[in-house]
Amino acid sequence: SILSADFGRMADAVQSLTKWRADLVHCDVMDGVYVPNLTFGMPMVRDIKKYAELPLDVHLMIVRPERYVKEFCKAGADIVTFHPEASEDVAGALAAVKAEGKKCGLAVNADKGIDMVLPYLADVDMLVVMTVQAGFGGQSFKQECLKKVEELARIREERGLEYIIEVDGGVSSKNASLVSASGASVAVAGSAVFRAEDPALEISQIANCG
Ligand code: DX5
Ligand code: ZN
């Protein structure tokens, strides 16, 4: 996640992620309403796209994301996820992302259950299970949230569905094996990578933990 990168040198951060062999660039979009923090919008996604050789995984922590999902796709997002309780048209927003030929997903905040995503499991490409309360990087990992990953992985097998599960928040090489064992296949790390002595080593330890 570029949330912990130097916003004054974002192109360098994005190019470093390629050098450090990350799989995705997780872009945390915050509007100061759904979460008490403000980060960036479509212009930043558009501009980092020029420097990113990796897919952009855009995580919308904004109210009424249906207003912007199409613009984020056109700006360069390859995956767009949002929080269902913040949307007045979940099905419409998911369909709009698909209509742009991009991957869509829903995010489950740390203080939310999985009930709000259950009606859409056949429509999403990815589910994001937050292991911190959305809003800030550098928070400590909430291991109890992994129960939601296990539940969603079980439902996926039972119903023969194919969504992937991403864990987002407080992830590092210290807890990545727990993340992998719970059934997630994508781990987002912001501060663990950008504060690491050796970011490439941190990324490889997270990637090779499963
Ligand atoms: C939190 C963000 C997460 C996360 C990234 O709202 O959605 O992507 O905090 O930062 P770290 O890895 O530092 O928790
Ligand atoms: Zn995120």
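Atoms within each ligand, like the ligands themselves, are counted from 1 in listed order.
Look at Arg156 and Glu162 and you find no salt bridge, because none of the NZ, NE, NH1 or NH2 atoms lies under 4.0 Å from a carboxylate O. By the 4.0 Å N-to-carboxylate-O rule, Arg154 lies too far from Glu150 to be salt-bridged with it.
For atom 12 (O) of ligand 1, the closest heavy atom belonging to the protein is Gly190 N, 2.7 Å. Nearest protein neighbour of atom 6 (O) of ligand 1, counting heavy atoms only, is Gly135 N, 2.8 Å. Of the protein's heavy atoms, Gly170 N, 2.9 Å lies nearest to atom 14 (O) of ligand 1. Summary of contacts: the protein heavy atom closest to atom 13 (O) of ligand 1 is Ser191 OG, 2.5 Å. The closest protein non-hydrogen atom to atom 8 (O) of ligand 1 is Asp168 OD1, 2.6 Å. Remark: minimum distance from atom 9 (O) of ligand 1 to any protein heavy atom is reached at Phe136 O, 3.3 Å. Looking at atom 10 (O) of ligand 1, its nearest protein heavy atom turns out to be Gly137 CA, 3.6 Å.
Minimum interatomic distance between Val167 and Ala184 (heavy atoms only, all atoms of both residues): CG2-CB, 3.6 Å. Nearest heavy-atom pair, Ala107 versus His59, reported as atom, atom and distance to 0.1 Å: CB-NE2, 4.0 Å. Scanning both residues, Tyr163 and Leu152, for their nearest heavy atoms gives OH-O, 2.7 Å.
Atoms of ligand 1 lying under 4.0 Å from any heavy atom of Met130, numbered from 1 in the order shown and given with element: 1 (C), 6 (O), 7 (O). Of all atoms in ligand 1, listed by their number and element, those nearer than 4.0 Å to a heavy atom of Gly138 are 11 (P), 13 (O), 14 (O). The ligand atoms of ligand 1 that sit less than 4.0 angstrom from a heavy atom of Met61 are 6 (O), 7 (O).
Inspection of the Asp28 and Ser1 side chains reveals an N or O donor paired with an N or O acceptor under 3.5 Å. Residues Gln133 and Asp111 bring a donor and an acceptor atom of their side chains to less than 3.5 Å of each other.
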Note to self: For Gln143 and Leu178: C-alpha separation, side-chain torsions, deciding distance, then whether side-chain contact (heavy atoms from CB on, under 4.5 Å) applies.
What the structure shows: CA-CA 8 Å; Gln143 187 172 337; Leu178 283 174; 3.6 Å; yes
Item checked: Residue pair Val188, Val171: steps toward the side-chain contact (heavy atoms from CB on, under 4.5 Å) verdict -> CA-CA 6 Å; Val188 173; Val171 174; 5.8 Å; no
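Using a 4.5 Å heavy-atom cutoff, the side chains of Ile2 and Met10 are in contact.
In terms of polar-atom proximity, Asp28 is counted as a contact of ligand 1, with an N or O under 3.5 Å from an N or O of the ligand.
Around the Zn ion (ligand 2), protein N, O or S atoms at less than 2.8 Å comprise His26 NE2, Asp28 OD1, His59 ND1, Asp168 OD2.
In Lys103, the NZ atom is not crowded: 12 or fewer heavy atoms of neighbouring residues, nucleotides or ligands sit closer than 6.0 Å.
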